[in-house]
Structure formats: C-alpha cells, structure tokens
Amino acid sequence: MRKVYFDHSATTPVDPAVAEEMLKYLTEHYGNPSSIHAFGREARKAVEKARQQVATAIGASSVGEISFAGTGTEADNMAIRGVAYANRQKGNHIITSAAEHSAVLNCCKQLEREGFTVTVLPLDKYGRVTAQQVADAITDKTILITIMHANNEIGTIMPIREISEVARARKIIFHTDAVQSVGKIPVNVDELGVDLLTLSGHKIYGPKGIGAMYIRKGTFWQPILFGGGQERRRRPGTENVAGIVGLGKAIELATQNMHVEAERLAKYRDRIFKEVMEKIPNTILTGHPEQRLPGHVSFCFRFIEGESMLLMLDMKGIAISSGSACTSGSLEPSHVLTAIGLTKEVAHGSLRLTMGRINTEEDVEYFLEALPPIIERLRAMSPLGEGCNPCACSTCTIHDEDHHDHGELSEDEY
Amino acid sequence: MRKVYFDHSATTPVDPAVAEEMLKYLTEHYGNPSSIHAFGREARKAVEKARQQVATAIGASSVGEISFAGTGTEADNMAIRGVAYANRQKGNHIITSAAEHSAVLNCCKQLEREGFTVTVLPLDKYGRVTAQQVADAITDKTILITIMHANNEIGTIMPIREISEVARARKIIFHTDAVQSVGKIPVNVDELGVDLLTLSGHKIYGPKGIGAMYIRKGTFWQPILFGGGQERRRRPGTENVAGIVGLGKAIELATQNMHVEAERLAKYRDRIFKEVMEKIPNTILTGHPEQRLPGHVSFCFRFIEGESMLLMLDMKGIAISSGSACTSGSLEPSHVLTAIGLTKEVAHGSLRLTMGRINTEEDVEYFLEALPPIIERLRAMSPLGEGCNPCACSTCTIHDEDHHDHGELSEDEY
Amino acid sequence: MYTEKVMDHFTNPRNVGEIENADGAGQVGNPSCGDIMKITLKVEDNIIKDIKFKTFGCGAAVATSSMVTEMALGKTIDEALQITNKAVAEALEGLPPAKMHCSNLAADALKAAIEDYQKKQNA
Amino acid sequence: MYTEKVMDHFTNPRNVGEIENADGAGQVGNPSCGDIMKITLKVEDNIIKDIKFKTFGCGAAVATSSMVTEMALGKTIDEALQITNKAVAEALEGLPPAKMHCSNLAADALKAAIEDYQKKQNA
Ligand SMILES: Cc1ncc(COP(=O)(O)O)c(C=O)c1O
Ligand SMILES: Cc1ncc(COP(=O)(O)O)c(C=O)c1O
C-alpha cells in the first residue's frame, strides 16, 4: 500500500544528511564538550558550529544569543518563565494569545498559579491577533508579550513585526514561538523584532529532543533548570551533542531550500483547498486562506468526528492529524479551533494535513481520491446532518457534564 | 598515536548496537508518538518498549513509574524540585550531602533561595555520609532526602540502603542520583529502598541528551516543565524517540554484562592504584579504596595542578579528567575533594581515570608508563614541594581575593 | 492503540442506519468528547428484532455502537438492559484508558432506546 | 581551547627553574584558582640578564610564565615593568576567557620579582 506522510507539523523524518552527521557524534566523536582533552574539544567544536548554524539561519548577531534546550517545549519554558521570574520586580503581567501551543499556554497558566496575571488575547476568525489588541492590553505591569509566529493547527501566520513594534515602543520583552515557522517561511530575529525566539529540531527534519532559544543580548533573564555551567549557564546538563549537530545541519538545510520548497508546497496546498472545497459540501477552511504556512492545509468537515476520519485515512496509508479531543488524549477539542469561533461539534471534525520535503504531486492526488468516499461514509453513519439539531431529539440525554476527573489517567490505566 | 579513552564517568561512546537501534527511529520510524496513525503508533511502541527496558533494569514494579527527561540533570531537577514543590505544605526542609553532583546541589541552592532550608551533610574522608548523620538531621519539617548512589569524582558508593531505612521509618521521601551507578553496580529500587531514582543515557553507552526518573507509585510530586500531556503529564514536549530507544537498549546491555565487566574493570582499577601508589610519592588515593565503582580510579598528586597533567596526558593520547578548578570553568576546585578534607592546593592536583567497555589491559599498561614522567616533569616545574610552604616566601602575594565577578563570563568572552 | 476487534467493528460496523418508525429511539452523547450515538429499535414479543445505530464519534464510539447492536439483537428487553458499557468494552477486548469513560456510551444509548420504547408502551 | 602558541609554551616552556642567589624573587598566586608562579631574576646594569620561573598551575599559567620570561629577558628594569598581563596574553595569541583573569598573573610575578630586586638595592 502507498504510504503518504502528511503530518509534518507533528514531526518530520530526519534528513539522511542530518542523520549521517549525527551518527558520527554518537559512536565516533563521543566526547563530552566540557572535557578538555581531544575527545572533548572535538565535541565542543561541533556544538559551537551548530550554534553558528542556528545563529546564521535566524539572523542572530552573535552565537552567544543561542542556547540549546531539550525540546521546543523546554525552550518555550525557558523563554517565558525565564523572563517572567527575572523581571518580577518590574511587573507581573504577561500577554499571550489564544492561538498558542500548550507549551506556551501552560507556562502562562503556571505563572498565573504563581501570582502572575495573564491576558490571553482572543483571535479573529483566521486565528490572528492584531498589534492594536496587544497595545490595548499593555499595562504598566506588563513584562512579557509572547505571541507565536505561525500556528501549528491552522497554519496562520501572525503579524509579528507589527506586534513587536508595539512591544519595542513600550519597552516590553517580546517572545515568539517560531517552532512551526522556522525553515518554512523567513525567520529573522531583527526583521521580526523579537527579543526571544524558540524553535525545535524535529519540525525541520532534525531529531526530536532538541530545541533552541534565541535571546537578544541584554535581555533580562534567568535559568529555569539548575546544575552545571553548560550553555553559558543558561541550561545545565551534558549537551546532546548529536542532537545539537543534527539541529544545526537541519536548520542550515531547511533555510537553504526554503523558497523553492515553499513554492512547491504552496501549490499542493492550494490545489487541495480548491478541490476539497469544491467536492465536499459542509466543509470549512480553517485558518487564513493566504497568510498561512506553505504546506499547511486545515479543514473542518461538519457532522463527522476527526479521529474516525484519521483512522480511515490511516487504513489507506495516509498519515494525517486532527484537533479532535479524541486524538489529543484530552477531552476538549482544540482550543485554537474554538477560539476562532467554531462550535465544539464542528471543531471535532477537524483535519490537518501538513506537507513537506518527502511529499509529491502523486501523494496529493492519492489523497484527493481517498478523502471524499471516507467523508461520505462517515456522514452516512452520523446522526448529525444539515437541519438536524441532535439536541432536539425527544430522548436526547446529551450532557455537558464535567468529565475532568477522567482527564488524569490513573497509574494502572497508562 | 595510541588513543586511550579513560573518561567514562564524563561520557561514554554510544554502543554500536544502540546507535543502530537509534538510527531506525531517526530516518525510518520517525512518527510522533502522540500521533494516532501508523507512524505514530510505531514510535509509541518503541518508547513504551524502552520504558519497559528501564523499568526491568532497575526493578521498578510498573512502567508507569518511569518518565524520560532531557538529561540526567533535568531528571534530578524533576525529582528534587518536583517533590519539594508538591510537599511544601508538609514542610520545607531538605537533606542532601556534600558529595552531590551540581545537578542536585544547585537545585537545593535554588530551593533555598525560594524559602526552603537545606542541610548539606559533611562527608567522611572517603566521601560517605552515614545513616546516623541522616537520622540526626531529620526534623519534623523534612520532606526530602537526596543522597547520590555513587560519586562521579571519587567513585565512592554511599550506604543507600541504610539511609533509605531511616527515611522510610520516618516516612520521608528519598531520592538517589544513580547516574554514575546504573549499569556499573546493582541498582534495584526496592533493594535500595528509594522513592525516586535518576539516571542518564550517556553514562551507560547510550546517547547524550536523555535521562530518566523513576518515581515510586504514590509519591507526591508535581512537574517542573509545562506544556503538552506527554510522559503521563510528567514531562511535556515531543518525546526524543531515538534517544529513548537508545537509553532503553543501552540500559539493557549494560545490566546484562554488568558483573563480568565490573570484575574486569575492578582488576584494572586495583592494578593502577597499586602501581601508582608504589611508583609515585606524595600521592593520595581519593574516595573509598574498596566501596567504589569498579572502573573508577582517582588520585591527588601533590605539588602539581590537574589541568597541566591532563594536557600532558592528552598529548600522549590519553583522555582523562581532573577536579581542578581550571578544568571546570569555575574558580574553586572540586567541592567533593575539599569536602573529604583535602586542601585546595592538594585538590587542584586531582586526577580521575574512569575505565569502561572499550578499555583493555594494554590501555592500562600504556597509562602506567606514561604517567610517572609527566608527574615528575610537572613537579620539577612547580614552586611547591615537600617541606616548602609557598606562603612563607618573603615576597609572597598569594591572595584569596574574591574572584566571583570573574565567574560569570560576559557575552563577548564566550 | 485499538484492539483488532475494535478495528474490525470500526472498519466493518454492524447494523449501521436508522429504523423508520422505530419502536424505540435513544440518543446519548457529550459534545465536549465529540461522541453522539443514536440507537433505534424494533421490538416484537419483548425481543429486540432489529436494531440500528448512527454515531458521530471516534473509532471507539463507532466500535462500541456496532458491538452493542450485535449484543442486543435477538435479546429480550430485560436481557438487553443488563448490557453494560463495561461488557461492551470487554467484548471488544478492551479500549484505551482515555476512551473508557468518554466514548464508551453505547450501552447508555441502548438503554435510552429501550426506555423510549417502554415509555411509548405505557403511554 | 588553547592557541598553538599557548600549547607550544606549555609543551616546551622556556626558562624553567630557579636562579640560586637571585637578585630578585617574586611569587604570586591564588590558591582557589590553583595558580602559583615564582620568578627569579639576575640583573646586571639595570638589565635582566637571566630569568627563570617555577609554576604550579594550569596550561595557561605555565604558558604565561614561560612567555613573560621570554619577554623580559634582556629588557631593562623599566621596560620589563611595562609588561602587562594583557600583553602576555596577546603575545600568546589569546587565552580562553575563563583563564584571562585567573591564570594570567605572570606579569604580576615578574613585577613582584623586580620589586624585590629594587627593595634589595635600596636596603
Ligand atoms: C552523579 C551525576 N549526576 C548527574 C549528572 C548529570 O547528568 P547529565 O550530564 O546527563 O545532565 C552527572 C553527569 O554529568 C553525574 O555524574
Ligand atoms: C507551535 C509549537 N510550539 C511548541 C512545540 C513544542 O515543541 P516540542 O515538541 O519539540 O517540545 C510545538 C510542537 O510540538 C509547536 O507546534
């Protein structure tokens, strides 16, 4: 059976050239970069080369502004909590958006528990916040604004430059989560005007388990993990040398081929949008139709639920994802989809298709043939439909009871 | 030139069998374990297999007690800070030892800054603390005892079982940092009687950038990083699948061959001890002569400084380490060496030689020939010597001024 | 994630559809979880002679719906009322933990349909 | 980590030793850092005719000691007093940042030795 991987926003295969580089630093040049001997010096050189590759890719003025972290999530924690704790005397207010990844939102929630105040800006129907919204939310206690560059679920690109101008004018530290944008669209810390920026290896054909934080020189910040003096005392622990080397190589490759690749993927994307919207009724395009990531396609199909769609596509060899609660292990559908104004029922029918380097025109055609019968079949099986309000049924027991106690898995269930 | 890697406590080469397993999960089975489709399920299976391998290796009763982390350091942060924050209502007192790695000590220092009280137990001349010392330090505010299993610098093994009996009798949560002991000596969470245990991949022929935390079922704990629901909500961020697979395979291999390997390395260790102590005067064996890690040899050579020793050995192809300030980037010599009662001058002359799987008898002989002339040469160059107290010299300007401002590198120096 | 049995019932669901002029109809669901199940019945001589389901929901929701209709078909009303969500999950050789509470409502839908039938009988 | 020049001076240090009956001797150091340097001099006609060092310390400490003796040899006392730790580091084509403050004391040792010489002259 044909295998079509359409889930590049979830993760990407490691580029063979990246894997090759990494392998050397697993078995051959295995030194600890903190060691002074030849083995250590070799590892150190590799780590610093990768730091330069990252700095170059995002236009940082100095390698000293780049720190590696264990994941994109940890980089987000470092950026947000590191700034919050270090600037607590100045104020306790943080501005973010409803579009953020849980790595950002849950940091903000934790900071709220610790006494900070967080403003979560609402989104327009395309998933954006405006610079004006940010400006209006600023108080004299605001110490950090964190707004993502591109959204993982609906692909929408935020007007970061406009927002950063507001932040700069008000002298407030500005962070952007660029995990989804790096390597796909231009990311330059000076053009974006950000003080901190975070990224992750496994979204750009690098390995999982490595992230990086850019922090502009002079930004007030403190570490969130404690231990040895690695990464200029910003992140303790023996460096993941192979992972760092992989991230360096991956970001270099991704930015090299970016424009050609973006054009190719945007063509696929636009074709899928056009054909699906034409062929399948009751379909909603989610996210911005143009201001979005090149390989990123997202819909909601009414009356059906995402996981079943996903399982049926999987049986055809197509790997895809959904913001349905049932695919996320949580009980609520994607917070981003409800934040752009969709009802929970509609949000459950979401599908996200993210293309990348390994996809071809044939993959697109295969998908376009496979999808309509699946939607049709699931709709035939659904009690919902046009003009049918399920809650109006005489025996309806649809309840919105609090299922929160089921959210935490107990030890045995895992 | 012959290359002899004698720094296995700093890091180890990834076993070829481990690297092979890892490679598959970089390029081929690259799915995100949270994805429901076939690519994701394959990755999930691999992660859960590795979790089982870790659980089996340390005798955990359920895979649910194992969480992966980004480094050994992060695992230590999770264990110590996670218990401290979760049990703050019960008390704010923590007991640790002067032997701990900076990953533990600096967590404790941070907790002190946050209002906890920390008792750092002093060491005997072999680097141990006793169960009695622990018992005496317990107050009714004590919520956590964290004592390492085996020391990285001097190889001494702590009487964990005795200490854990005290902890258990007093119902206090007990954590041990087993980063240096796992795979080298028997480590079983029930036999040791610990509630939490941390380990790291790169010390056992697995990759750098992966650690794990064991947490006994029922232990009060909360996460220290915030984001997605991965690792049973204990550690957010896309799993480092290849790293996890590598750690799983590595711990399996290490525990399989442990006894034979330990015997082989102990023989080398004892031979080095014997010959060096015989041949080189003014040498101090550091750590316990018997209660120590099998491949771990450590000395202080008086009148000379560790880094020069290390550089000269490096020029002979021998990779080794030292607890000298000059090798650590800090300005103080190893806190462990001073805690076992050595003066700073003596501590500066420390040398640590840690053998492992790749070492042979020939390596040992090569080292035993290379070392004495180096010590001799450096001593000839040293102003210090038997019966010579440098501070008695008429023009001595030896000062102990506070160099702390030099400790932090400025941006440009990096 | 899912057992083979679940995947079989998801891929080839039994008794999909809606009975016209049903003797009983029941619908349950939880909008947050994204599961809505509707069951319709035909009853003759106190025995479930026909049963169909329609489900909006995940793989587990579809499979449990399909399984419950298979389990109920041919049973007496009293027997059918004994079918629990747990029994359905067991017949499917287990469900992932996250699905146990959320998408395992098919027996509730069956019960709702039977109660609707009983109410109509008494009316 | 170290420049080639540093490694050269570390591997083949110049002027190692201690002059007996030196005209001046100076020792500086910091026990925390683990660097102790001792310089002994012979002075004739206000010119440093011989100079030797002994050092307990890291690679940088040895290399700066060696370099400072080379720089001072043959210089007048006044010229030698102009030699700074920075100049020594530059002559070595740089030192790692951590070593700049800690192990770069050779010029101080030289100065201490010269001062000792001057004190003896005035005595
Ligand atoms: C005893 C001990 N604990 C913790 C660590 C930290 O592990 P990692 O380097 O993986 O962060 C190390 C090694 O560096 C260690 O030796
Ligand atoms: C926008 C965004 N931020 C952060 C992350 C977290 O990165 P990681 O999975 O490396 O922790 C992701 C992906 O998971 C993401 O899409």
Side-chain angles (χ1 to χ4, degrees), chain A residues 302-312 314-315 322-334 338 343-350 377-385 388 390-414, chain C residues 1-2 6-7 10-13 15-18 22 24-41 52-63 65-66 94-105 108-120:
Chain A
R302 301 189 63 140
F303 318 131
I304 59 179
E305 193 274 341
E307 191 202 272
S308 344
M309 224 183 323
L310 202 150
L311 288 173
M312 288 201 170
D314 185 50
M315 288 187 286
S322 168
S324 164
C326 283
T327 65
S328 63
S330 96
L331 294 164
E332 293 285 325
S334 152
T338 50
T343 64
K344 283 180 187 175
E345 279 85 350
V346 171
H348 278 297
S350 76
R377 189 163 168 218
L378 286 170
R379 281 185 176 163
M381 209 189 284
S382 173
L384 309 183
C388 154
C391 283
C393 297
S394 64
T395 55
C396 179
T397 65
I398 291 178
H399 40 258
D400 212 346
E401 57 183 331
D402 190 0
H403 267 214
H404 257 15
D405 50 332
H406 303 145
E408 280 277 353
L409 308 183
S410 84
E411 303 281 324
D412 301 314
E413 289 176 337
Y414 186 59
Chain C
M1 180 177 79
Y2 287 131
V6 171
M7 284 313 289
F10 172 73
T11 319
N12 308 297
N15 309 310
V16 177
E18 191 162 354
Q27 182 164 306
V28 297
N30 183 313
S32 297
C33 292
D35 291 310
I36 297 173
M37 302 174 184
K38 181 171 190 175
I39 282 185
T40 45
L41 309 161
K52 293 221 178 299
F53 82 90
K54 279 202 158 189
T55 288
F56 162 86
C58 64
V62 172
S65 307
S66 164
L95 287 175
K99 307 284 183 179
M100 278 304 285
H101 306 291
C102 195
S103 310
N104 187 10
L105 303 166
D108 297 344
L110 172 64
K111 200 183 254 173
I114 292 174
E115 280 166 6
D116 181 52
Y117 160 74
Q118 289 172 328
K119 219 188 301 169
K120 282 181 182 153

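Numbered from 1 within each chain, the chains take letters A, B, ... in sequence-line order. Below, each value reflects all heavy atoms present in this structure, side chains not excepted, and no hydrogens, waters or symmetry copies.
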- Item | Set of side chain to side chain contact (heavy atoms under 4.5 Å, CB included) partners for C:P96, sequence neighbours left out | C:M1, C:Y2, C:K99

- Query: What residues form a side chain to side chain contact (heavy atoms under 4.5 Å, CB included) with C:T55, not counting sequence neighbours?
  - Reply: C:M37, C:F53, C:A61, C:V62, C:S65

- Task: Give the minimum heavy-atom separation between C:T11 and A:R377, together with the two atoms involved.
- Result: O-NH2, 2.6 Å

- How close do A:P383 and C:Q27 get, heavy atom to heavy atom, and via which atoms? CB-OE1, 4.2 Å

- Message: How about NZ on C:K111, more than 12 heavy atoms from neighbouring residues, nucleotides or ligands closer than 6.0 Å, or not?
- Response: no

- Contact origin within A:M315 toward chain C - heavy atom pairs under 4.5 Å: side chain

- Message: With a 4.5 angstrom heavy-atom cut-off, is it the side chain or the backbone of A:A380 that approaches chain C, or both, or neither?
- Response: backbone

- Mark yes or no for whether A:S382, through its side chain, and C:F56, through its backbone, hold a donor-acceptor pair below 3.5 Å. no

- Item | Spacing of NZ belonging to C:K54 relative to CG belonging to A:L384, to within rounding of 0.5 Å | 9.5 Å

- Query: Atom CG in A:L310, atom SG in C:C58: separation rounded to 0.5 Å?
  - Reply: 11.0 Å

- Query: What part of C:A113 lies closer than 4.5 angstrom to a heavy atom of chain A: side chain, backbone, both or neither?
  - Reply: neither

- Among the listed options C:G17, C:G59, C:A109, the residue most often paired with chain A at heavy-atom distances under 4.5 Å: C:G59

